[in-house]
Protein chains: 2
Amino acid sequence: MSRLSSDFLPDPVPDPLPIGAAARASGVKVPTIRFYEEIGLMPALPRTEGNRRLYSATHLQRLAFIRHARELGFDIEAIRTLLTLQDRPEQSCAASDEIASARLIEVRSRIAALRALEAELQRMVDGCAHGHVAQCRVIETLSDHGQCQFHNGQGENLGIGRNSSDLPSFSGTMTQRF
Amino acid sequence: MSRLSSDFLPDPVPDPLPIGAAARASGVKVPTIRFYEEIGLMPALPRTEGNRRLYSATHLQRLAFIRHARELGFDIEAIRTLLTLQDRPEQSCAASDEIASARLIEVRSRIAALRALEAELQRMVDGCAHGHVAQCRVIETLSDHGQCQFHNGQGENLGIGRNSSDLPSFSGTMTQRF
DNA sequence: CTTGCTCCTCTAGCGACCAGAGCATCTAGG
DNA sequence: CCTAGATGCTCTGGTCGCTAGAGGAGCAAG
């Protein structure tokens, strides 16, 4: 017998899927699924005799959960917490509420920062006379080491970290930034 | 003579700085300055006899330019282009205009995406009854594999790449995300 | 001469994956 | 039964823009 569910007993689980089908079903790419297993977001999976992973409906739900959470910009650690909370439905949801609220605050300050960015970029582009570089507002603005909207001090702390990517991929073919 | 500018001749350059002082003056951190040299954003610098880098006013301007461009979210390749444009003031500024406009478009679609995010997070948090996890709107929303605002298909292409960090660091002590 | 600071190079790591090599396994058709 | 092609496996290394730390050398003041 080469399948997990016996051939004579009625299937207890409605057909576990191999990783490729699980990827198509969940919208999470194959290497990413394996990555989630590696870092422990997904459990160690049951395998076929040929060592291939099998994904049950429960696993697919978990993948969809992770995917949705990633789309909302939660980082892996937050998702780890949210998943353990999900597994214990009798607990208080204060923790998950806090995680979501924190993310909301993050997103809002990020929007505010981006709006300031937008304004300065707009000014740069509007001011460009489409002549040559010597009078270009874009280059001039960048060269100007006077103040601008955001880095009014010497860049002390805008509350902006280096690795903050707001919205993750799931975009498949896009590799270039944004 | 241990300094580049002679002691009897009048200084042709108003005192080049060592890297630490250059970092303080430009707001770019020491390892980051070295990194910029390594990747060719900064030129190979003149050194003292003791092999220490020396930064002239021109170098400091270049660092400030890079810093400001990074604050506006331009990536290294864009900055490389902008710098070569700056070095040739007689050229057309069409290229720099295009780079800035592209960035502006990026920022705007990013803001739009974040606003959708904000809305869904808000709904999640508002819906949380602060009871236990079983009825928690946060967990429920994440678990729900039906549609939400953004991933209405199966996450084909939101125009959102994986490595898109909008606003870089210069924040010094912050290492955690955002 | 020593202390303590700055500087040097080099290597490794972050987050959240993606790409590809080299091999094994499965499945459909002949 | 055999084979071709799709799919799976593990492992290594790359992405971006830095940051951290080791281990050593230079340098200015006391």
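Lettering follows sequence order; numbering is per chain, from 1. Given the structure is predicted, the values throughout are model-derived calculations rather than measurements.
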Problem set entry | Nucleotide nearest B/Ile19 (side chain, heavy atoms from C-beta), chosen from D/dG8, C/dC8, D/dC18 | C/dC8

Problem set entry | Short side-chain N/O contact to C/dA16 OP1/OP2 from A/Thr32, under 4.0 Å | no

Exercise. In chain order, what residues pass the salt bridge (Lys or Arg N to Asp or Glu O under 4.0 Å) check against A/Asp87, with sequence neighbours excluded?
Worked result: A/Arg62

Exercise. Atom CD1 of B/Ile39 and atom C1' of D/dT19: how far apart are they, to the nearest Å?
Worked result: 14 Å

Exercise. Separation of A/Ile79 atom CD1 from C/dC17 atom P, in whole Å?
Worked result: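 Computing the A/Ile79:CD1 to C/dC17:P distance gives 8 Å.
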
Exercise. Roughly how many Å is it from CZ in A/Phe35 to C1' in D/dT10, rounded to a whole number?
Worked result: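 Those two atoms, CZ and C1', are 16 Å apart.
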
Exercise. What's the shortest heavy-atom distance between B/Gln86 and A/Ser143, and which atoms?
Worked result: NE2-OG, 2.9 Å

Below 3.5 Å is the cut-off: list the nitrogen or oxygen pairs between protein and nucleotides 20-25 of chain C, distance only.
residue: C/dT25; atom: O2; partner: A/Arg52; partner atom: NH2; Å: 2.9

Exercise. In whole angstroms, how far is the P atom of D/dG8 from the CG atom of A/Leu54?
Worked result: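 Atom-to-atom, A/Leu54 to D/dG8, this comes out as 11 Å.
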
Exercise. For A/Arg88, what residues pass the side chain to side chain contact (heavy atoms under 4.5 Å, CB included) criterion, not counting sequence neighbours?
Worked result: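 A/Arg88 satisfies side chain to side chain contact (heavy atoms under 4.5 Å, CB included) with A/Thr84, A/Glu90, A/Gln91 only.
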
Seminar exercise, completed: Atom CD of B/Glu37 and atom P of C/dT9 are separated, to the nearest Å, by 8 Å

Problem set entry | B/Arg53 side-chain N/O to C/dC7 phosphate OP1/OP2 under 4.0 Å | no

Exercise. Between B/Arg67 and B/Glu71, is there a side-chain N and carboxylate O pair less than 4.0 Å apart?
Worked result: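 Salt bridge present between B/Arg67 and B/Glu71.
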
Exercise. Rounded to whole angstroms, how far apart are CG on A/Leu17 and C1' on C/dT27?
Worked result: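 It works out to 16 Å between those atoms.
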
For this session: Round to the nearest Å and state the distance from A/Glu77 atom CD to C/dC17 atom C1'.
Result: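 Computing the A/Glu77:CD to C/dC17:C1' distance gives 15 Å.
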
For this session: List for me each residue that meets side-chain hydrogen bond (donor to acceptor under 3.5 Å, both in side chains) alongside B/Glu140, sequence neighbours excluded, and say none if there are none.
Result: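 By the side-chain hydrogen bond (donor to acceptor under 3.5 Å, both in side chains) rule, B/Glu140 matches no residue at all.
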
Exercise. In chain order, what residues pass the side-chain hydrogen bond (donor to acceptor under 3.5 Å, both in side chains) check against A/Arg108, with sequence neighbours excluded?
Worked result: B/Glu118, B/Gln122

Exercise. Are B/Lys29 and D/dT19 close enough that a side-chain N or O sits under 4.0 Å from OP1 or OP2?
Worked result: yes

Exercise. Would you say D/dC18 has OP1 or OP2 under 4.0 Å from some side-chain N or O of B/Tyr36?
Worked result: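 Answer yes for this pair, as a side-chain N or O of B/Tyr36 is under 4.0 Å from OP1 or OP2.
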
Exercise. Taking atom C1' of C/dC7 as reference, at what distance in whole Å does atom CZ of B/Arg47 sit?
Worked result: 10 Å

Exercise. Residues in salt bridge (Lys or Arg N to Asp or Glu O under 4.0 Å) with A/Arg53, at least two apart?
Worked result: A/Glu37

Exercise. D/dC18, C/dC7, C/dC17: which one has an atom nearest the side-chain heavy atoms of B/Ile76?
Worked result: D/dC18

For this session: Indicate whether OP1 or OP2 belonging to C/dC7 is found under 4.0 Å from a side-chain N or O atom of B/Arg34.
Result: no

